[in-house]
Amino acid sequence: MKPELQNHAERFVEAQKTISKVQPLLSMYAYPICAEMFAQRGIEPDYKKLKKCERILIKKAGLFSDFSGTSALLIISLLSMSEDPEAMYDRLKDARDLVRRYFPAVPDYVALAAIALNEEPDQSRWEEIARHGADIYNGLKKKHRILTSGGDILFSLILARCDGERKNGTETAKFCAEQLADLQLDQKTLQSVCRILVLSDGEAEEKCDRFRRLYELLKDRGRKYGKEYQIPMLALAAMLPEDVEQIAEDIIDVDNFLSKEDMYKGIVPKYSKTVRLMHAAMVVAGCGGVSENLYIAMEITLWMLFDVLFI
């Protein structure tokens, strides 16, 4: 396995162990998502600081707020990555207020949308982004009222942040959905995959081909990749600049590495082989991001996992 992948995988595993101690009764699927955020940033989670940030969140937001529930662990993780957690909370609160102002009342998505807006470092641009994102969202809702979901709030905010070439993102997403229809993914999963493909660089047809090719390569190597919430992460890995064959090899290498860790082995492992393979794709994607657009796509994929698994 490549040294950089080895290091990233080790950080990912150790981060899970630390994070799981902060809120031990939380769904186990939340830990790897937050762990990858730490690994991707090259930050080692600090248990004491995480607990401090948990107290800050409870003090400032209360137990029943937009930042409570499963998304609380994501908020706590982000606060702990900041040199000034209280100032970071204030930024997230400001972002939340803008989301509430411009988007419909979909409470479960408010925290994720606030995080998406907060990713724009220039706070003076937030209102412009929120306003533009609301226009995109309303356009989606007008065209596809039945299919529009709360996840489209996140997608619209990200599109509003991206460069001009993605102004036709909805048309690209529709094209990708048509190209991948034969995979027989459920509607929510297909939507998530198409969002990732839109946010990544390259021609739509080529991106669809790379995604399909990576799925088939893993299948040919005896790796059964899940076709539900796991799929968007594979789409993200397929967008890396390396050859698809190399990406497949990297995922298999990381999968072999994870299979030796306690949480992935034994008679009744904490995670199934299918979930382990998704985590391997997550590590590869997180380690290989080189462009701003790919980084944004990585972030939204992690948030979409929260969307699919918990909301």
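Computed over heavy atoms, backbone and side chain alike; hydrogens, waters and symmetry mates excluded.
How far CD1 of I251 is from CE of M278: 12.0 Å, rounded to the nearest 0.5 Å. In this structure, CG in L197 is found 5.5 Å from SG in C208, a value given to the nearest 0.5 Å. To the nearest 0.5 Å, the span separating NE2 on H132 from CZ on R161 amounts to 12.5 Å. Taken to the nearest 0.5 Å, the NZ atom of K60 stands 11.5 Å off from the CZ atom of F67. With rounding to the nearest 0.5 angstrom, the OH atom of Y264 is 9.5 Å from the CG atom of D255. Between the CG atom in L190 and the CD atom in E178 there is a gap of 10.5 Å [rounded to 0.5 Å].
Across all their heavy atoms, Y102 and R131 have their closest contact at OH-NH2, 3.7 Å. Across all non-hydrogen atoms, the minimal contact from A280 to V254 is CA-CG1, 3.7 Å. Scanning all heavy atoms of the two residues, the minimum distance from L183 to F211 falls at CD1-CE2, 3.6 Å. Listed here is the closest heavy atom pair of P232 and I196: O-CG1, 4.2 Å. Across every non-hydrogen atom of R213 and V244, the tightest pair is CG-CG1, 3.7 Å. The two residues L154 and Y109 have their closest heavy-atom pair at CD2-O, 4.5 Å.
Classification of D97 and R101 as a salt-bridged pair fails, no side-chain N sitting under 4.0 Å from a carboxylate O. One finds a salt bridge joining D66 and R100 here, because a Lys/Arg side-chain nitrogen approaches an Asp/Glu carboxylate oxygen to under 4.0 Å. In summary, E54 and K51 engage in a salt bridge, as defined by a charged side-chain N under 4.0 Å from a carboxylate O. Residues D243 and R210 are not paired through a salt bridge, judged by the lack of any N-O separation under 4.0 Å between the basic side chain and the carboxylate.
With a 4.5 Å cut-off on side-chain heavy atoms, S272 and R276 do not count as touching. Here the side chains of K219 and Y225 are not in contact, with every heavy-atom distance at 4.5 Å or above. A 4.5 Å side-chain heavy-atom check between M263 and M28 finds every atom pair outside the cut-off. Within the 4.5 Å cutoff, the side chain of D84 has no heavy atoms near those of the M88 side chain. Side-chain contact between Y137 and L157 is absent, with no heavy-atom pair separated by less than 4.5 Å. Side-chain contact between V198 and L159 is present, with heavy atoms from C-beta onward closer than 4.5 Å. In this structure the side chain of T189 never reaches within 4.5 angstrom of the side chain of K227, judged on heavy atoms. Contact of the Q230 side chain with the T274 side chain is registered, since non-hydrogen atoms from C-beta on lie closer than 4.5 Å.
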Full working for side-chain hydrogen bond (donor to acceptor under 3.5 Å, both in side chains) between Y271 and Q16: CA-CA 12 Å; Y271 299 110; Q16 280 196 67; 3.1 Å; yes
F12 vs Q40, side chain to side chain contact (heavy atoms under 4.5 Å, CB included): CA-CA, chis, key distance, verdict: CA-CA 9 Å; F12 172 71; Q40 184 186 349; over 6 Å; no
Hey, mind stepping through D201 and M239 against side chain to side chain contact (heavy atoms under 4.5 Å, CB included) and telling me if it holds? CA-CA 8 Å; D201 296 323; M239 298 304 103; over 6 Å; no
Step-by-step salt bridge (charged side-chain N to carboxylate O under 4.0 Å, His left out) determination, R212 to D182: CA-CA 11 Å; R212 187 188 299 276; D182 62 301; 2.9 Å; yes
Could you walk me through whether L5 and D250 pass side chain to side chain contact (heavy atoms under 4.5 Å, CB included), step by step? CA-CA 8 Å; L5 269 180; D250 288 343; 3.6 Å; yes
Stepwise side chain to side chain contact (heavy atoms under 4.5 Å, CB included) check, I129 with L98: CA-CA 10 Å; I129 292 169; L98 279 172; over 6 Å; no
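The main-chain N or O of Q23 is found under 3.5 Å from a side-chain atom of Y31 such that the two form a donor-acceptor pair. Distance alone, capped at 3.5 Å, places no donor-acceptor pair between the N118 side chain and the A114 backbone. The backbone N or O of S82 lies less than 3.5 Å from a partner atom in the side chain of K49, making a donor-acceptor pair. No donor-acceptor pair under 3.5 Å is formed between the side chain of W126 and the backbone N or O of A95.
One hydrophobic cluster, built from ILVMFWY side chains closer than 4.5 Å, holds both Y29 and I231. Note: the hydrophobic cluster containing M81 also contains L50 (ILVMFWY, side chain heavy atoms under 4.5 Å, direct or indirect links).
A 6.0 Å sphere centred on CD of E4 holds more than 12 heavy atoms belonging to other residues, nucleotides or ligands. Within a 6.0 Å radius of CD in E245, more than 12 heavy atoms belonging to other residues, nucleotides or ligands are found. The environment of NZ in K270 is crowded: more than 12 heavy-atom neighbours from other residues, nucleotides or ligands sit within 6.0 Å. Within 6.0 Å of atom NZ in K2, more than 12 heavy atoms from other residues, nucleotides or ligands are found, so the atom counts as buried in its surroundings.
With no hydrogens or angles considered, a side-chain donor-acceptor pair links E36 and H8 at under 3.5 Å. Under 3.5 Å, the side chains of S259 and N256 contain no donor-acceptor pair of N or O atoms. If you check the side chains of S124 and D122, you find a donor sitting under 3.5 Å from an acceptor.
Test V284, L218, L277 against L234 for side-chain contact (heavy atoms from CB on, under 4.5 Å) and you get one pass: L218.
Note that R11 lies outside the cation-pi zone of F38, set by a 6.0 Å cut-off to the ring centre and a 45° limit from the axis.
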